[in-house]
Amino acid sequence: MVVDHVHATDGDIGQVHALRIDPGNRQVTHVLLKEGHLWAGKEVAIPFDKVAGFDGGIRLNITKQQVQ
C-alpha cells in the first residue's frame, strides 16, 4: 500500500487516509487525512478544491492553521 503525505503551504500535515467521492457524479469532493500521532491522531476532511497538485504527495494551497 502506498501512503501519500499531505503538505500544506508551510509543511507536512499528515497522510492520506481516504478520498470522499460524490456518488452522483463520481467526482472526488474531499481528501481525508490522518493528522497527528498514531494514538492521538484525528481525521480531517479537506475540500478537493484546496488541492494544488500531486508533486511528492498531495500539495494543498492552504496553511497548517487553515487546515485546523
K.L.:
Between Asp4 and Val16 (side chain of the first, backbone of the second, donor and acceptor by atom type, cut-off under 3.5 Å), is there such a pair?
P.N.:
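No, Asp4 side chain to Val16 backbone: no donor-acceptor pair under 3.5 Å.
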K.L.:
Only counting residues at least two apart or in another chain, list the ones meeting side chain to side chain contact (heavy atoms under 4.5 Å, CB included) with Leu19.
P.N.:
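Only Val28, Val31 meet the side chain to side chain contact (heavy atoms under 4.5 Å, CB included) criterion with Leu19.
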K.L.:
Just jot down the side-chain hydrogen bond (donor to acceptor under 3.5 Å, both in side chains) partners of Thr9, sequence neighbours excluded, or say none.
P.N.:
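Listed in chain order: nothing, the list is empty.
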K.L.:
Report yes if some heavy atom in the side chain of Val6 is under 4.5 Å from a heavy atom in the side chain of Leu60; otherwise report no.
P.N.:
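Val6 vs Leu60: side chains touch.
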K.L.:
What pairs of donor and acceptor atoms, side-chain ones from residues 45-59 against any protein atom, are under 3.5 angstrom apart with sequence neighbours left out?
P.N.:
from	atom 1	to	atom 2	distance (Å)
Arg59	NE	Asp55	O	2.9

K.L.:
Minimum heavy-atom separation for Lys64 and Ile13, please, with both atom names.
P.N.:
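So the minimum-distance heavy-atom pair works out to CG-CG2, 3.3 Å.
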K.L.:
First locate atom CD1 of Ile62, then atom CD of Gln65, and finally report the distance between them rounded to the nearest 0.5 Å.
P.N.:
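With rounding to 0.5 Å, CD1 (Ile62) is 11.0 Å from CD (Gln65).
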K.L.:
Does anything in residues 16-25 form a side chain to side chain donor-acceptor pair (under 3.5 Å)? List the pairs, not counting sequence neighbours.
P.N.:
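Every pair satisfying side chain to side chain donor-acceptor pair (under 3.5 Å) with a residue in residues 16-25: His17-Glu43.
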